[in-house]
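The block underneath contains the structure these notes are about, expressed in structure tokens.
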Protein chains: 2
Amino acid sequence: MDRLDKKILRLLQEDATLAVADIAKRVGLSTTPCWRRIQKLEEDGVIRRRVAVLDPVKVNLGVTAFVAIRTNSHSTEWLRRFAEVVGDFPEVMEFYRMSGEVDYLLRVVVPDIAAYDAFYKRLISRIEIRDVSSSFAMEQIKYTTELPLDYLALEKEPRES
Amino acid sequence: MDRLDKKILRLLQEDATLAVADIAKRVGLSTTPCWRRIQKLEEDGVIRRRVAVLDPVKVNLGVTAFVAIRTNSHSTEWLRRFAEVVGDFPEVMEFYRMSGEVDYLLRVVVPDIAAYDAFYKRLISRIEIRDVSSSFAMEQIKYTTELPLDYLALEKEPRES
DNA sequence: GTTGAAATGTACTGGTC
DNA sequence: GACCAGTACATTTCAAC
């Protein structure tokens with residue numbers, strides 16, 4: 001992974017519709033090696049997928065809720081089932097196991113508070129949870145899928161002398 | 001927005017590399033009208049963009065932190081500047097204004113705890129914040145960019161008789 | 001909405017240096 | 001890595017229905 005791969009990733013994170021020839025021009029490469037680099041980044045799983053990002057409001061998903069969950073201590077089998085049940089809800093877009101006070105954190109999208117309530121009831125009916133606490137986002141100030149590539153360690157590049 | 005648009009959106013949210021002819025086949029349309037629908041969805045801003053999704057671990061971003069922020073009451077101008085400063089950090093992938101206890105919630109990605117600490121110091125040096133509380137994700141169980149389209153209201157379709 | 005076709009562009013492969 | 005060529009396929013636009 002060198003400076004050029006990083007540039008390619010930056011571009012594709014912004015706009016995955018760019019033509020290979022375009023990308024090549026912008027990173028200062030000809031199309032063939034640029035194309036090969038992109039293939040390799042996909043093979044290596046650095047690029048996971050290319051997706052369309054929709055406007056949540058325009059598909060009737062204006063409300064984002066964060067759900068902090070505390071569970072009782074349970075077997076690993078229970079935890080596996082818990083993860084499966086929760087992850088199966090399409091409203092749950094993000095799901096983390098946390099350190100500290102809260103055991104799990106969910107980001108949930110729904111049209112409105114009533115739909116959140118319905119979601120909540122379905123959730124607790126499917127799995128026992130010790131404590132659930134919901135907070136609502138009033139405004140989404142920033143949402144990006146672009147990972148910051150500033151921390152990416154580069155391979156040493158050949159040097160003069 | 002009808003049943004077919006919804007199907008198209010579902011497919012493109014999963015894989016934006018699909019050829020129009022493929023999508024057309026799967027939704028039961030021929031390519032021309034299918035292509036027109038996709039164009040319209042883009043014009044209307046339902047489809048915001050098409051992006052490459054990278055593997056965070058493979059670009060050295062294994063740590064996700066959630067940062068809950070409480071501010072003092074401030075002018076709208078101060079709030080504007082606050083939003084700008086915070087949003088400018090590329091490590092901040094999501095940024096919400098919240099209801100309830102916490103005023104703002106951030107999702108931050110960094111390589112490790114040390115980098116989080118450095119980020120934290122840079123953040124508080126750039127803007128005064130009353131209270132900051134960080135929690136770390138031990139595991140990302142689910143992360144998707146796919147919005148659930150189940151809540152999408154459809155236009156009435158023509159009926160027999 | 002359909003089909004078919006034409007024009008253009010792009011992806012991909014393989015070869016040269 | 002650059003550059004050139006060739007094929008196969010995609011996108012895009014158009015015309016006729």
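Chain A is the first sequence line, chain B the second, and so forth, proteins listed ahead of strands; every chain is numbered from 1. Only heavy atoms go into these numbers, but all of them, side chains included; no hydrogens, no water, no symmetry mates. Everything quoted here is computed from the prediction, not taken from an experiment.
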Length of the line joining [X]:[atom1] and [N]:[atom2], which is rounded to integer Å:
| X | N | atom1 | atom2 | result |
| --- | --- | --- | --- | --- |
| B:Leu29 | C:dG4 | CG | P | 15 Å |
| A:Lys25 | D:dC3 | NZ | C1' | 15 Å |
| A:Arg50 | D:dA10 | CZ | C1' | 15 Å |
| A:Arg37 | C:dA11 | CZ | P | 17 Å |
| A:Leu18 | C:dG9 | CG | P | 17 Å |
| B:Asp22 | D:dA8 | CG | C1' | 15 Å |
| A:Leu12 | C:dA11 | CG | P | 11 Å |

Under 4.0 angstrom between [X] side-chain N/O and [N] OP1 or OP2:
| X | N | result |
| --- | --- | --- |
| A:Ser30 | D:dG1 | no |
| A:Arg36 | D:dG1 | no |
| A:Gln39 | C:dC12 | yes |

Which nucleotide in the set [options] lies at the smallest distance from any side-chain heavy atom of [X]?
| X | options | result |
| --- | --- | --- |
| B:Thr32 | D:dG1, D:dC14, C:dT13 | D:dC14 |
| B:Pro33 | C:dG1, D:dG1, D:dT11 | C:dG1 |
| A:Trp35 | C:dT2, C:dT13, D:dT13 | C:dT13 |

N-O pairing of A:Arg122 and A:Glu91 below 4.0 Å
yes
Answer yes when B:Glu146 and B:Arg10 have at least one side-chain N-carboxylate O distance shorter than 4.0 Å, and no when they do not.
no
Do A:Leu29 and A:Arg37 come close enough that some side-chain heavy atom pair is under 4.5 Å?
yes
Between A:Glu42 and A:Arg48, does the salt bridge (charged side-chain N to carboxylate O under 4.0 Å, His left out) criterion hold? Intermediate values first, please.
CA-CA 7 Å; A:Glu42 277 170 355; A:Arg48 267 200 186 153; over 6 Å; no
